[in-house]
Engineer: 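Shown below is the structure under consideration.
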Amino acid sequence: MKKALVILAILALIVPIYAQETGDIDAAASDVVESAETLDSSTDVAAEVETPVETPEETMVADDTSKATDSTASTEGAASGYSFANAQSQRYTVISELGQADAELIAKTLDAYFELYTSYFHFDPALLKARLQVRSFADKESFDAYLTQIIGSSKDDFVYLHYPTLEKSELLVYAKDDSEDYALSLAHQAFVQYLKTFAPNAPLWLREGFAVYFEESRYDPATGKAAYKENLSWLETVKTYRNEKSLLPLESFLALTVEEAKSKIDIFYPQSWAFVSFLLHSPSREVNRLLWDSLSKIAPGLSPEDAQAKLFALASTWPGMDKLKDEFASYLEAKKTFPEQVAYGIELYNQKKLVDAAAAFNAAVAMNAANHVPYYYLGLIAYANKEYSVAEFNYKQSLSLGCEAGIGNYALGVNSFVQGRPDDARAYLNLAKQASPETYGPKADEVLARIK
């Protein structure tokens, strides 16, 4: 979560990248010396976490959702005046201070998330006795006033208030200037609401691990569906803790109480995400089976302690704690961060394994499409394969995302030259000279001298 009670400063792993442009330009310019430049592929990843919300003692939300708008009017004296629109979808009732359009959009979005979550958990929607409740505020101040009225304090981000009665439980959200932050928070807390509805006593690591796992999922209004996207924001943090030997021992992690999790929150959240990701994506069927067998044992009537004990016992016997530790360690070792993926691609490129290098850089683009480095190397690979139009596209993409103007325009100039486009080649090479006269002035002049 981007707004939360505990802020983690995640160290960006900076990989200096040396681009050795190799290969002949063509028969007419084979003696042009291509350059080696350092490109910065560091990523800035920041993540924050929220302390799990305690169940409120009482509620001020109306039991009868058809009277939601009227019921909010009764709170005006204590928490300023609220005026909410009301919208219902298949699974949700949303009341919004921002009006009817906002209420309807949230309801449609959460219906799509509900289907996404159900595709993993397969809870029976027929078990719902009422729609899930959501309340949307126009700003943080209204959110704070309402929440303080109910639980005596506010929270730094969206929150789900869970009660034994579904009609009284509600997800509270508010408008944010940052649309990505809003979408991330909504996906996270909507999952908490979903899981608490069907499995209220699921272990904390499972609930919060999956909530983070789904954070990058997004609703597409065109299709009416929510699409899952892998969330790798915590990967560098987890690997840093692993290298420092700071991760919680698995036996302790699987048995953490709420209070213990709070005291170790900076490690608990990334480790929860990593462990859930491992259970889902491990190549070992035994590991995959552990997750689904665990879910089947979380009966609604179990206490949190009993539910956690059942899952701990299951992990200890199948596949066994020692094997689980080894498999988890291997999974983290094989999982590459964005800088690691880029460095791997460069290694393959320098070994002239162009097919494998292209696959590595395409994987890096899938992880971070806003970084210029993978596109630059994809341009080099396309150039080496004489796919000049593809090379030009990738060089231009790299420049648009922040590639150093000298190297980017020099690459475009050489690429235009071999295509027989002298006017474009001159323009790009002169731009390279202007951007970096000491480095690219002499190199560009060598190519320019060959243009007729």
Side-chain angles (χ1 to χ4, degrees), residues 10 12-23 36-47 179-180 183-184 187 213-218 220 222-223 226-239 273 277 280-281 331-332 334-412 414-415:
I10 300 181
L13 176 59
I14 300 177
V15 180
I17 296 179
Y18 298 91
Q20 181 63 49
E21 301 176 40
T22 60
E37 295 298 325
T38 300
L39 302 179
D40 180 13
S41 69
S42 63
T43 56
D44 295 321
V45 181
S179 60
E180 278 301 303
L184 182 148
Y213 178 85
F214 283 120
E215 279 182 351
E216 291 293 332
S217 302
R218 294 294 180 268
D220 182 358
T223 64
Y228 167 76
K229 179 183 176 183
E230 187 173 17
N231 181 14
L232 296 174
S233 298
W234 289 106
L235 184 57
E236 289 186 32
T237 308
V238 171
K239 287 201 158 190
W273 162 79
S277 180
L280 282 168
H281 299 297
Y331 178 80
L332 289 180
K335 197 77 172 171
K336 288 182 172 61
T337 64
F338 175 77
E340 289 172 337
Q341 189 69 41
V342 170
Y344 178 57
I346 293 169
E347 179 183 352
L348 293 169
Y349 175 79
N350 289 335
Q351 294 172 1
K352 302 187 186 305
K353 298 178 179 178
L354 299 186
V355 174
D356 292 337
F361 288 121
N362 280 316
V365 168
M367 296 169 71
N368 182 2
N371 190 286
H372 64 89
V373 177
Y375 292 104
Y376 176 78
Y377 278 94
L378 287 169
L380 293 179
I381 292 168
Y383 175 84
N385 290 330
K386 302 186 186 304
E387 298 171 345
Y388 301 122
S389 295
V390 176
E392 181 173 2
F393 169 82
N394 282 295
Y395 289 145
K396 286 183 175 179
Q397 189 73 359
S398 181
L399 272 172
S400 72
L401 293 171
C403 177
E404 195 272 319
I407 191 172
N409 283 294
Y410 178 75
L412 282 166
V414 171
N415 194 66

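Everything numeric in this text was worked out from a predicted model, so none of it was measured.
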Engineer: With Y228, which residues qualify under ring-ring contact (aromatic ring centres under 6.0 Å, His included), at least two apart?
Structural biologist: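 Counting only residues at least two positions away or on another chain, Y228 forms a ring-ring contact (aromatic ring centres under 6.0 Å, His included) with Y213.
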
Engineer: Is the shortest side-chain heavy-atom distance between L232 and W273 below 4.5 Å?
Structural biologist: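 A side-chain contact exists here, since the closest heavy-atom pair is under 4.5 Å.
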
Engineer: side-chain contact (heavy atoms from CB on, under 4.5 Å) for N385 and V390? Distances and angles first, verdict last.
Structural biologist: CA-CA 10 Å; N385 290 330; V390 176; over 6 Å; no

Engineer: Who passes salt bridge (Lys or Arg N to Asp or Glu O under 4.0 Å) against E387, sequence neighbours left out?
Structural biologist: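 Not a single residue meets the salt bridge (Lys or Arg N to Asp or Glu O under 4.0 Å) criterion with E387.
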
Engineer: Between I346 and Y377, is any pair of side-chain heavy atoms under 4.5 Å apart?
Structural biologist: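 Yes. Closest side-chain heavy atoms under 4.5 Å.
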
Engineer: Answer whether the closest heavy-atom distance between the side chains of N394 and Y376 falls below 4.5 Å.
Structural biologist: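 With C-beta onward as the side chain, the pair stays apart.
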
Engineer: According to side chain to side chain contact (heavy atoms under 4.5 Å, CB included), who are the partners of S389, at least two apart in sequence or on a separate chain?
Structural biologist: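 So S389 forms a side chain to side chain contact (heavy atoms under 4.5 Å, CB included) with Q419.
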
Engineer: Once ring-ring contact (aromatic ring centres under 6.0 Å, His included) is applied, do any residues pair with Y331, and if so which ones, sequence neighbours excluded?
Structural biologist: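 If we apply the ring-ring contact (aromatic ring centres under 6.0 Å, His included) test to Y331, skipping adjacent residues, the hits are F278.
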
Engineer: To check you understand the geometry: which heavy-atom pair defines the closest contact between L401 and A369, and what is its length?
Structural biologist: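 Reported closest heavy-atom pair: CD1-O, 3.5 Å.
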
Engineer: What is the minimum heavy-atom distance between M367 and K336, and which atoms define it?
Structural biologist: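 Scanning both residues completely, I find the closest heavy atoms to be CE-O, 3.2 Å.
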
Engineer: State the OH-CG distance between Y344 and D356, to the nearest 0.5 angstrom.
Structural biologist: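 The CG atom of D356 is 6.0 Å from OH of Y344, to the nearest 0.5 Å.
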
Engineer: Could I get the full list of side chain to side chain donor-acceptor pair (under 3.5 Å) partners for K335, not counting sequence neighbours?
Structural biologist: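 Expected list: E230.
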
Engineer: Name all residues meeting the salt bridge (Lys or Arg N to Asp or Glu O under 4.0 Å) criterion together with K239; count only those two or more places apart in sequence or in a different chain, and write none if there are none.
Structural biologist: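 Per chain and number, K239 pairs via salt bridge (Lys or Arg N to Asp or Glu O under 4.0 Å) with E340.
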
Engineer: With sequence neighbours excluded, what pairs up with K353 under the side chain to side chain donor-acceptor pair (under 3.5 Å) test?
Structural biologist: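 Q351.
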
Engineer: So, using ring-ring contact (aromatic ring centres under 6.0 Å, His included) as the criterion, who are the partners of Y375 when residues are at least two apart?
Structural biologist: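 Expected list: none.
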
Engineer: List in chain and number order the residues that pass side chain to side chain contact (heavy atoms under 4.5 Å, CB included) with A405, two or more places apart in sequence or in another chain; answer none if no residue qualifies.
Structural biologist: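 In terms of side chain to side chain contact (heavy atoms under 4.5 Å, CB included), with neighbours along the sequence ignored, A405 is linked to N409, A435.
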
Engineer: Under the salt bridge (Lys or Arg N to Asp or Glu O under 4.0 Å) test, which residues partner E216, sequence neighbours left out?
Structural biologist: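 E216 satisfies salt bridge (Lys or Arg N to Asp or Glu O under 4.0 Å) with R218 once adjacent residues are dropped.
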
Engineer: Between F338 and P374, is any pair of side-chain heavy atoms under 4.5 Å apart?
Structural biologist: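 Touching, per the 4.5 Å side-chain cut-off.
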
Engineer: If I take atom OH from residue Y349 and atom CG from residue L378, how far apart are they, to the nearest 0.5 angstrom?
Structural biologist: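 If we round to the nearest 0.5 Å, Y349:OH and L378:CG are 11.0 Å apart.
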
Engineer: To check you understand the geometry: which heavy-atom pair defines the closest contact between P339 and E236, and what is its length?
Structural biologist: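 Shortest heavy-atom contact: CD-OE2, 3.6 Å.
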
Engineer: How far apart are the closest heavy atoms of G345 and A357, and which atoms are they?
Structural biologist: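 Smallest interatomic distance, heavy atoms only, reads O-CB, 3.7 Å.
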
Engineer: What is the distance from atom CG of L184 to atom CZ of F214, rounded to the nearest 0.5 Å?
Structural biologist: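 CZ of F214 is found 13.5 Å from CG of L184.
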
Engineer: Mind checking salt bridge (Lys or Arg N to Asp or Glu O under 4.0 Å) for K396 and listing every partner two or more places apart, or none if nothing turns up?
Structural biologist: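 Salt bridge (Lys or Arg N to Asp or Glu O under 4.0 Å) list for K396, sorted by chain: E392.
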
Engineer: Tell me every residue that passes side chain to side chain contact (heavy atoms under 4.5 Å, CB included) with A187, counting only those two or more places apart in sequence or in another chain.
Structural biologist: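 Side chain to side chain contact (heavy atoms under 4.5 Å, CB included) list for A187, sorted by chain: Y113, Y117.
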
Engineer: Do V342 and N371 have side-chain heavy atoms sitting under 4.5 Å apart?
Structural biologist: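 Sidechains of N371 and V342: no contact.
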
